[in-house]
> 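Dropping a structure here in structure tokens format, bear with me for questions.
We name chains A, B, ... by the order of the sequence lines, and we start the count at 1 in each one.
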There are 2 protein chains.
Amino acid sequence: MNVVTSRRELASLVFENKKQGKSIGFVPTMGYLHEGHLTLAKAAREQNDLVVMSIFVNPLQFGPGEDFESYPRDTERDTALAESAGVDCLFIPSVEEMYPNPLSLDIKVIERVDVLCGKKRPGHFDGVAAVLIKLFNLVMPNRAYFGLKDAQQVAVIHGIVDDLFFPIEIVEIPTVREEDGLAKSSRNVRLSEKERKDASELYQALKKAQEAVAEGEKSTAKIEELVKSHISMSTNGKIDYVEIYAYPSLKPIDFFDIRGKAIIAIAVQFEKARLIDNLILNMDF
Amino acid sequence: MNVVTSRRELASLVFENKKQGKSIGFVPTMGYLHEGHLTLAKAAREQNDLVVMSIFVNPLQFGPGEDFESYPRDTERDTALAESAGVDCLFIPSVEEMYPNPLSLDIKVIERVDVLCGKKRPGHFDGVAAVLIKLFNLVMPNRAYFGLKDAQQVAVIHGIVDDLFFPIEIVEIPTVREEDGLAKSSRNVRLSEKERKDASELYQALKKAQEAVAEGEKSTAKIEELVKSHISMSTNGKIDYVEIYAYPSLKPIDFFDIRGKAIIAIAVQFEKARLIDNLILNMDF
């Protein structure tokens, strides 16, 4: 595995592989890798000749008071894990390397952002867009891999790629879960023992909702209530939101009578960690 | 020469050529081709295996009251001219093809725009940036060609490419002029006979400034005055601006004592056409 820190090294590696007609799969991450990331890398490994992973804690996507400084980092462990997952090239740039100058462009994401987490994180997806446009131009992947755990991010990225005509296939990978159902996340390490145990109830609440919809419940308001009350009764977490939208448009729906997909998404604040999860329901059954 | 109107056709042509390791030179235009454009195409022809030209009158870069509707168009003539200049692929998309959806991103250029023409055309370079990002992603050129006649545009494009890490070399081509010095432009056809004759004085004014600087004049204010009075005395055009900046930063300078380059740029409004011109002075003599 090549570990590169400069754009120049990365570009020359990409150029060599492109010249040989090799396909490139790209897994952008903020590091502190867990099984979720490795699942993305393994999918990229299966579908491409060259797998590039980036590790970059992107300051632009953290708001004031958010956890940029305290976001967990462990490059040595990440490097071993990336290699074990079949990554060919690990790109670990500095902030200076990714932002050598103040951007001469101001990029704002204006669709699909004023819902879910985006509503409380103004500017977050602007930072995601800026860094992904840069990374896409550096890595020039045929396919880029994203986990559906952050489904809003995936929806926004579809918008960026479609609207700017990036010749990249966005591959959506289902959320990887612990045995008890908790969605894997770098932030889970910040849960207390009790919180960690309770946190599995987030997934149970989503499954309960899924079952109720399968059994014929049409009202999204009732399903939201069902999820909220389950979480309130079984955890000490503070519910930030429980929301239901058409997916991936993230347009509001009142009833589960649409064709296509719907997303039930939740965010719950524990003492030192805010957890998100979602289920995407295929309404074509 | 291939003439294509759909993104799909263009992408497949680009893909085939990339697969064969061919280099791509790209000449984006708004059509109504003149020798300036053809000079760009010929330079691209010399330096690349495949030459792609686009013709697209981009509505996003016209402000309210600007000449989007009346901008001259002549596809048949353009096609013949492009072929004669050695273009391999002429991409002529519809507005619908370039903007199939409202953009989910709002892109604003925030550097180098509040001077020269940009000052009076808020949003103009935002439209330029949006369409170029799309076109760069479709054409994936090794090199893109721009005329220095619109030097501010070239400066802004350097910013876009550098900041977003597009792997594209921006090739600057000197302004192509009529025999009497008038910079070639699609808009010249709108000049009256007298205006057309007077318009050559714009270049004479710039040359006069260049000579004065070469002879030791250091004050940019005095040079601006010199240019203004020459234009006022020899044309009926209304001077929009005569400005001097460091190039390509477009930062203000008071004296010609910098190292690097300086630009003297002018814009003059005639009855039905607003003409721009500039000279870039190398200050290292």
> Which residues pass the side chain to side chain contact (heavy atoms under 4.5 Å, CB included) test with B/Lys251, sequence neighbours left out?
B/Ser249
> Rounded at 0.5 Å granularity, tell me how far CG in A/Leu250 sits from CD1 in A/Ile263.
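Here the rounded value is 6.5 Å.
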> To the nearest 0.5 Å, tell me how far A/Asp150 CG sits from A/Phe125 CZ.
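A/Asp150 CG to A/Phe125 CZ: 5.0 Å, rounded to 0.5 Å.
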> Which of residues 103-119 of chain B get closer than 4.5 angstrom to chain A, counting heavy atoms alone?
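Expected list: B/Leu103, B/Ser104, B/Leu105, B/Asp106, B/Ile107, B/Lys108, B/Val109, B/Ile110, B/Glu111.
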> Looking only at heavy atoms, which two atoms of B/Ile55 and B/Gly31 are closest? And how far apart?
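Of all heavy-atom pairs spanning B/Ile55 and B/Gly31, the closest is CG2-CA, 3.6 Å.
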> Quick one: what part of B/Met98 sits under 4.5 Å from any heavy atom of chain A, side chain, backbone, both or neither?
both
> Mind checking the CG-OG1 spacing from B/Asn278 to B/Thr175? Nearest 0.5 Å is all I need.
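Going from the CG atom of B/Asn278 to the OG1 atom of B/Thr175 covers 5.5 Å.
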> With a 4.0 Å cut-off, would you call B/Asp277 and B/Lys149 a salt bridge?
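Judged by the 4.0 Å cut-off on N to carboxylate O distance, B/Asp277 and B/Lys149 do not form a salt bridge.
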> Is it the side chain or the backbone of B/Lys134 that comes within 4.5 Å of chain A heavy atoms, both, or neither?
both
> Are there residues of residues 162-174 of chain B whose heavy atoms fall under 4.5 Å of chain A's heavy atoms? If so, which?
B/Asp163, B/Leu164, B/Phe165, B/Phe166, B/Pro167
> For the pair B/Asn282 (side chain) and B/Lys261 (backbone), establish whether a donor and an acceptor sit closer than 3.5 Å, ignoring hydrogens and angles.
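Absent.
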> Taking A/Gln47's backbone N and O only, do any of them form a donor-acceptor pair with A/Arg143's side chain (distance below 3.5 Å, no angle check)?
yes
> Where do A/Arg45 and A/Asp88 land on the salt bridge (Lys or Arg N to Asp or Glu O under 4.0 Å) test, with the steps shown first?
CA-CA 9 Å; A/Arg45 178 72 286 159; A/Asp88 297 303; 2.8 Å; yes
> Identify the two heavy atoms, one from A/Asn48 and one from A/Ser23, that lie closest to each other, and give their separation to 0.1 Å.
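Shortest heavy-atom contact: CA-OG, 3.3 Å.
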> Assess the residue pair A/Arg121 and A/Glu66 against the criterion (salt bridge (Lys or Arg N to Asp or Glu O under 4.0 Å)); give the C-alpha distance rounded to whole Å, side-chain angles, the decisive distance to 0.1 Å, and a yes or no.
CA-CA 9 Å; A/Arg121 304 184 73 186; A/Glu66 287 185 353; 2.9 Å; yes
> For chain B, which residues from residues 1-15 of chain A have at least one heavy atom closer than 4.5 Å to it?
A/Arg7
